[in-house]
Amino acid sequence: MATYKEFHQYSIEKPNEFWTEQAQLVDWNEPFTQVCDYSRPPFAKWFVGGKTNLCHNAVDRHAAKRPNDRALIFISTETDEETVYSFAELQREIERMAAIYQSLGVKKGDRVLIYMPMIAQATFAILAATRIGAIHSVVFGGFASGSLATRIDDAKPVLIVSADAGMRGGKAVPYKHLLDEAIELAEHKPAKVLMVDRGLDKEFNKVAGRDVDYATLRAQFMDATVPCEWLESSEPSYILYTSGTTGKPKGVQRDTGGYAVALASSMKHIYCGGEGETFFSTSDIGWVVGHSYIIYGPLIAGMATVMYEGTPLRPDAGIWWQIVEKYKVTVMFSAPTAARVLKKQDPAFMHKYDLSSLKHIFMAGEPLDQPTHEWFMTELQKPVIDNYWQTETGWPMLAALPGVENTPIKYGSPSFPVYGYNLQIFREDGSVCGANEKGIAAVIPPLPPGCLSTVWGQDDRFVSTYFTLFKEPLVYSSYDWAIKDDDGYFTILGRTDDVINVAGHRLGTREIEEAIQNHPAIAEVAVVGVEDKLKGQVPMAFAVVKDASKLSSPELIKALEKEVFGTVDSILGAIGRPARVHFVTGLPKTRSGKMLRRSLQALAEGRDPGDLTTIDDPSTLEQIKNALAN
């Protein structure tokens, strides 16, 4: 068994040999003739000439060998449904959906936009697209019509697949009026809209001649067989729009063969999941984690994958652990926000169920702070492995590789560069940082298989957005500050645009948040830079306390704020001390758990908080406004 260092070094020094070995993990209909074509930097093509299909690798090959093994476990604590599909059953449902697509005129290379909640039909919709060589573009269900319209215009789908509504916290979230409005706003009009009617929105509008019913069409294609379309490795599999884009949306374009190999290898070397086991990712199909580690990764590895519609707290804070026990989940993937939500609940819920099947829990989506990492790992008595990556990369850039070597876990660190990534930390002049020196995390290209091949329809933007950090060397910029310690462990310090300039001192908001988190009363915190006439910017903190009784009087609030100042002073010095710490019971986040920092900053500076359609709980914004007014 190689050590992590040897394994990584081999991938960087002998990429052709390394990736040829990894490529054995997937089925090829025709072998590739070249491992990597990097003749047009920074564009890379992987496994040139090879023909494969993502749906075949995720479903058909397992259905042929193990037809009755569990493949998809759909659980909704919103509608109290639970359905398990075997590989054979999943394949039948995907073929029915693919037959529906073909009957509606969808061909290879056409785009299918998917605007759906976390229901089993969304899995069928995604895999039916890749089955026939169509390109899917999933937009987070319930996304605002304006944002949806720009994505419709960019992807130009021939078909949109949607549902009448999603559910959140026991309330229906209607989708159809948002979709109709988006199509109205868009210049491009899809020929057809395929609707899954869940019976949640009885009144939803049906547009004659355009809208068609999924259940009706499915009944017509019960016995349909639709073969897989074999695609050349570099042909696109999907477009996924990155959040927070302004103007023309930025569609991350993913290939087929490189993505299949990257995911298959990650399931083996990072996630340690194998055939017959169960994978539970608490993400959403609207985000990259949902694409890679709800749909494709686990199924490619022959695992059952849990698709969960619900929150971590309903019916109670034990629901996730109940699922782990019931389905003998071996690998779990969640987000630091979720861990911080659970941190506010009674820890007894985490000890109520048999978690003996669980080998690892992985975290990604935002930096995992040290106190939360330590708390989660101590409570669960399981390895909690932070990994760092981006929508653009499609799979981890930094992670421990327990499938290669069991390296010690350091709290708050996503460990090391993953194989295939020549990831370094750079100074702003393009030279490489030494140990314990803060710089920008960037990858020396070519990017490994699985990463974005370009920005959909905008090759120039791919280059200008990601590869113009320095004149020399050519690197892919992550736009994240990072630091590496003496043992080679990396820590991500927040976005390069999350930097506060206080009287000439540059402070990362993450560093201040981490310091505040060290105070025992604090459950969660967000820090933003706020304009200040004297210092340019000052940090302002919004903190959630574990025990609301600590805030029962103005005197107690003042005393706690003072204590938090003291904690920050002792860790970062007075320079890192926030101008104010406002105490609230919740922070504004998107439904995927991303903190709406820009909106927080805008409110603190008296500006319009911008597009808030993805906000999970609008009452948190009112609290912020009230806190700022006092």
Side-chain angles (χ1 to χ4, degrees), residues 62 66 68-87 89-90 118-120 123 167 169-170 267 270-284 289-290 293-295 297-299 301-365 368 372-386 402-403 409 593:
H62 305 299
R66 303 181 292 116
N68 302 321
D69 277 16
R70 294 190 305 217
L72 176 66
I73 300 164
F74 165 62
I75 301 167
S76 173
T77 50
E78 298 289 350
T79 57
D80 294 322
E81 284 174 271
E82 210 157 310
T83 314
V84 178
Y85 298 85
S86 67
F87 276 104
E89 288 166 335
L90 180 57
M118 288 286 287
I119 54 176
T123 300
M167 285 276 282
M267 294 307 297
I270 301 174
Y271 299 104
C272 304
E275 286 190 0
E277 295 182 342
T278 304
F279 195 101
F280 178 18
S281 165
T282 67
S283 185
D284 186 285
V289 172
Y293 297 109
I294 294 176
I295 307 288
L299 292 173
M303 298 179 79
T305 185
V306 175
M307 188 169 199
Y308 175 68
E309 180 183 47
T311 73
L313 304 180
R314 184 187 156 91
D316 60 44
I319 180 61
W320 285 358
W321 316 115
Q322 193 183 326
I323 291 170
V324 169
E325 177 183 272
K326 181 171 180 180
Y327 290 104
K328 298 196 166 31
V329 171
T330 47
V331 189
M332 198 167 166
F333 193 133
S334 195
T337 298
R340 290 193 282 267
V341 165
L342 294 171
K343 196 172 165 186
K344 289 182 234 170
Q345 310 302 314
D346 182 350
F349 283 115
M350 298 169 81
H351 307 298
K352 198 173 155 184
Y353 298 96
D354 175 6
L355 307 183
S356 57
S357 62
L358 195 58
K359 294 187 287 192
H360 301 100
I361 297 182
F362 292 86
M363 290 277 180
L368 175 59
T372 302
H373 195 174
E374 186 169 356
W375 169 81
F376 209 40
M377 201 151 144
T378 307
E379 283 296 333
L380 287 171
Q381 291 296 299
K382 299 280 178 186
V384 175
I385 297 174
D386 187 18
I409 290 170

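- Atom OG1 in Thr378 sits 9.5 Å away from atom CH2 in Trp375 (nearest 0.5 Å).
- Partners of Lys382 under the side-chain hydrogen bond (donor to acceptor under 3.5 Å, both in side chains) rule, at least two apart in sequence or in another chain, do not exist in this structure.
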Could you please spell out the steps behind the side-chain contact (heavy atoms from CB on, under 4.5 Å) verdict for Thr305 and Ile73?
CA-CA 6 Å; Thr305 185; Ile73 300 164; over 6 Å; no

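- The salt bridge (charged side-chain N to carboxylate O under 4.0 Å, His left out) check on Arg340 picks up Glu366, Asp369, Glu524, with sequence neighbours excluded.
- Separation of atoms CD (Gln322) and OH (Tyr353) is listed at 4.0 Å; rounding is to 0.5 Å.
- Taking CG of Leu299 as the reference point, atom OG1 of Thr123 lies at 8.0 Å (rounded to 0.5 Å).
- Summarising the geometry, atom CE belonging to Met332 is positioned 5.0 Å from atom CZ belonging to Phe280; distances are rounded to the nearest 0.5 Å.
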Verdict with reasoning, Ser281 to Tyr308, per side chain to side chain donor-acceptor pair (under 3.5 Å):
CA-CA 8 Å; Ser281 165; Tyr308 175 68; over 6 Å; no

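- For the pair His360 (side chain) and Ile385 (backbone), a donor-acceptor distance under 3.5 Å is absent.
- Residues passing the side-chain contact (heavy atoms from CB on, under 4.5 Å) test with Lys328 are Ser357, sequence neighbours excluded.
- Judged purely by atom type and a 3.5 angstrom limit, Gln345 has no side-chain atom pairing as donor or acceptor with the backbone of Leu342.
- Judged by distance alone, with hydrogens and angles left aside, the side-chain atoms of Arg70 form a donor-acceptor pair with the main-chain N or O of Tyr327 at under 3.5 Å.
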From CA spacing to verdict: side-chain contact (heavy atoms from CB on, under 4.5 Å), Asp386, Phe362:
CA-CA 6 Å; Asp386 187 18; Phe362 292 86; over 6 Å; no

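- Summarising the geometry, atom SG belonging to Cys272 is positioned 6.0 Å from atom NZ belonging to Lys359; distances are rounded to the nearest 0.5 Å.
- Contact between Gly310 and Thr77 at its shortest, heavy atoms only, is CA-OG1, 3.6 Å.
- For Arg66, the salt bridge (charged side-chain N to carboxylate O under 4.0 Å, His left out) partners are Asp69, Glu275, not counting sequence neighbours.
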Could you go through the side-chain contact (heavy atoms from CB on, under 4.5 Å) check for Met307 and Ile119 one step at a time?
CA-CA 7 Å; Met307 188 169 199; Ile119 54 176; 6.0 Å; no

Passes salt bridge (charged side-chain N to carboxylate O under 4.0 Å, His left out), Lys343 versus Glu379? Steps please.
CA-CA 10 Å; Lys343 196 172 165 186; Glu379 283 296 333; over 6 Å; no

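- Annotation: salt bridge (charged side-chain N to carboxylate O under 4.0 Å, His left out) contacts involving residues 305-321, sequence neighbours excluded, comprise Glu78-Arg314, Arg198-Glu309.
- A salt bridge (charged side-chain N to carboxylate O under 4.0 Å, His left out) check over residues 347-358, counting only residues at least two apart or in different chains, returns nothing.
- Applying the ring-ring contact (aromatic ring centres under 6.0 Å, His included) criterion to Tyr293, with sequence neighbours excluded, gives Tyr271, Phe333, Trp389.
- The CE atom of Met363 sits 11.5 Å away from atom CE of Met377, with the distance rounded to the nearest 0.5 Å.
- Glu325 is linked by a salt bridge (charged side-chain N to carboxylate O under 4.0 Å, His left out) to nothing, counting only residues two or more places apart in sequence or in another chain.
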Thr282 and Ser334: side chain to side chain donor-acceptor pair (under 3.5 Å), yes or no, with the steps?
CA-CA 5 Å; Thr282 67; Ser334 195; 2.8 Å; yes

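- Residues Val331 and Met267 fail the side-chain proximity criterion, which asks for heavy atoms closer than 4.5 Å.
- By the side-chain contact (heavy atoms from CB on, under 4.5 Å) test, Ala120 pairs with Leu72, Phe74, Tyr85, Phe124, sequence neighbours left out.
- With sequence neighbours excluded, the residues that form a side-chain hydrogen bond (donor to acceptor under 3.5 Å, both in side chains) with Thr79 are Ser76, Glu81.
- Remark: Ser86 pairs with Ala88, Glu89 by the side-chain contact (heavy atoms from CB on, under 4.5 Å) rule, at least two apart or across chains.
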Stepwise side-chain contact (heavy atoms from CB on, under 4.5 Å) check, Leu380 with Trp321:
CA-CA 10 Å; Leu380 287 171; Trp321 316 115; 3.8 Å; yes

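- Under the rule for a side-chain contact (heavy atoms from CB on, under 4.5 Å), the partners of Lys326 that lie at least two apart in sequence or sit in another chain are Glu82.
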